[in-house]
Amino acid sequence: MIVILLGAPGSGKGTQSKVLASKYGFTHLSTGDIFRAEMAGKTALGQKAAEYVNKGKLVPDNIVSEMVAGRLEPGVNYLLDGFPRNLAQAEELTRMLAPENKSIDKVILLDLPQGEALRRLTSRRICAKCGEVYNVLSKPPKNDAKCDACGGDVVQRADDSEATAKKRLMIFDDLTQPLVAYYRAEGVFEQVNGAQAPEKVSRDLAAVIDAAMAVKK
Ligand SMILES: [Zn+2]
């Protein structure tokens with residue numbers, strides 16, 4: 001069984017991937033992990049990818065898809081995280097799986113309204129002096145904008161600013177909308193409300209996967 005989990009920055013995708021991997025024994029495959037393994041192993045694909053990475057360029061879609069497809073062994077359940085990232089990768093993956101009689105069983109989007117994503121992505125603060133990390137939603141400094149540990153100024157980094165967050169969300173949407181349309185047409189798309197409490201999100205995800213597994217049997 002192959003499940004793809006999609007989710008905007010801030011959607012809790014990383015956390016939910018881990019929950020699902022441990023609940024169902026999915027092998028969790030993230031593109032970052034695969035890149036590192038292929039490059040460290042100096043495989044032909046790894047070396048090709050390294051040429052791009054070392055130049056600070058994006059690894060071409062066909063190399064990424066080939067790497068991921070090469071990792072998918074028969075009889076193993078996979079949870080793909082961060083892949084496919086765009087329509088080209090998705091189409092390439094379908095092409096590579098077809099000769100082996102494999103296909104994607106479920107594509108689940110952790111849906112999060114833009115306002116909530118922004119609120120989460122811009123909530124991090126950091127002490128300018130000692131680096132202690134805070135979060136205005138879950139771990140605010142006790143004394144307004146001063147660090148609990150050292151009294152330094154607690155500030156927002158540029159990476160966590162609203163402008164940066166908006167840009168990240170826009171890129172995600174641009175890449176993901178065609179993916180959603182593609183997998184919807186394939187009849188494997190589902191979405192789960194990612195704005196709910198994490199435990200409820202996990203339960204909803206489990207319901208989708210249970211239903212998919214029942215069909216597969
Ligand atoms: Zn501090």
Side-chain angles (χ1 to χ4, degrees), residues 4-24 26-40 46 49-50 52-59 64 79-83 85-86 108-176 191-206:
I4 294 170
L5 193 59
L6 303 172
S11 66
K13 179 169 65 73
T15 311
Q16 296 296 342
S17 294
K18 286 194 194 103
V19 172
L20 289 180
S22 77
K23 182 173 162 77
Y24 292 97
F26 282 118
T27 298
H28 179 203
L29 281 187
S30 83
T31 353
D33 293 340
I34 296 174
F35 273 17
R36 280 186 286 277
E38 295 270 339
M39 288 195 280
Y52 292 92
V53 172
N54 293 339
K55 286 181 200 150
K57 286 187 184 166
L58 275 179
V59 179
V64 180
L79 181 68
L80 302 183
D81 173 5
F83 176 89
R85 186 168 177 265
N86 57 37
I108 312 170
L109 172 70
L110 283 181
D111 187 43
L112 197 64
Q114 164 148 324
E116 177 60 17
L118 273 180
R119 202 171 75 96
R120 293 181 184 184
L121 290 173
T122 56
S123 63
R124 187 161 60 170
R125 301 288 183 276
I126 189 161
C127 171
K129 208 167 146 195
C130 76
E132 179 72 15
V133 177
Y134 294 92
N135 187 302
V136 292
L137 302 174
S138 57
K139 187 199 167 195
K142 288 188 186 76
N143 190 355
D144 205 17
K146 296 292 178 196
C147 177
D148 297 348
C150 76
D153 287 334
V154 172
V155 298
Q156 186 178 49
R157 298 189 322 170
D159 276 0
D160 303 323
S161 72
E162 184 159 326
T164 305
K166 273 190 174 151
K167 209 180 291 167
R168 288 174 66 196
L169 291 171
M170 213 163 68
I171 292 170
F172 175 82
D173 270 346
D174 283 351
L175 295 173
T176 307
Q191 70 181 37
V192 161
N193 178 4
Q196 310 173 97
E199 303 73 34
K200 177 74 171 85
V201 175
S202 298
R203 280 202 297 277
D204 286 2
L205 284 171

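First listed ligand is number 1; within each ligand, the first listed atom is number 1. Bear in mind that the values here come from a model prediction, so they are computed numbers and not experimental data. What's counted below: heavy atoms across the whole structure, side chains too, no hydrogens, waters or symmetry copies.
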So that I can tick it off, tell me whether [Y] and [X] are bridged by a salt bridge, with the cut-off set at under 4.0 angstrom between side-chain N and carboxylate O.
| X | Y | result |
| --- | --- | --- |
| E132 | K139 | yes |
| E116 | R120 | yes |
| K146 | D153 | yes |

Next on the checklist: Given 3.5 Å as the limit, does a donor-acceptor pair link the side chain of Y134 with the main chain of D148, or not?
Outcome noted: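 Confirmed, Y134 side chain pairs with D148 backbone.
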Next on the checklist: Does either side chain, that of S30 or that of D33, offer a donor lying less than 3.5 Å from an acceptor on the other one?
Outcome noted: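 Result is yes, a qualifying pair exists.
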Next on the checklist: For distances below 2.8 Å, what is the count of protein N, O or S atoms around the Zn ion (ligand 1)?
Outcome noted: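 N, O or S atoms of the protein closer than 2.8 Å: 4.
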Item to check | Minimum-distance pair of heavy atoms, taken over all atoms of V64 and V59 | outcome: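 Residues V64 and V59, closest heavy atoms: CG2-O, 3.6 Å.
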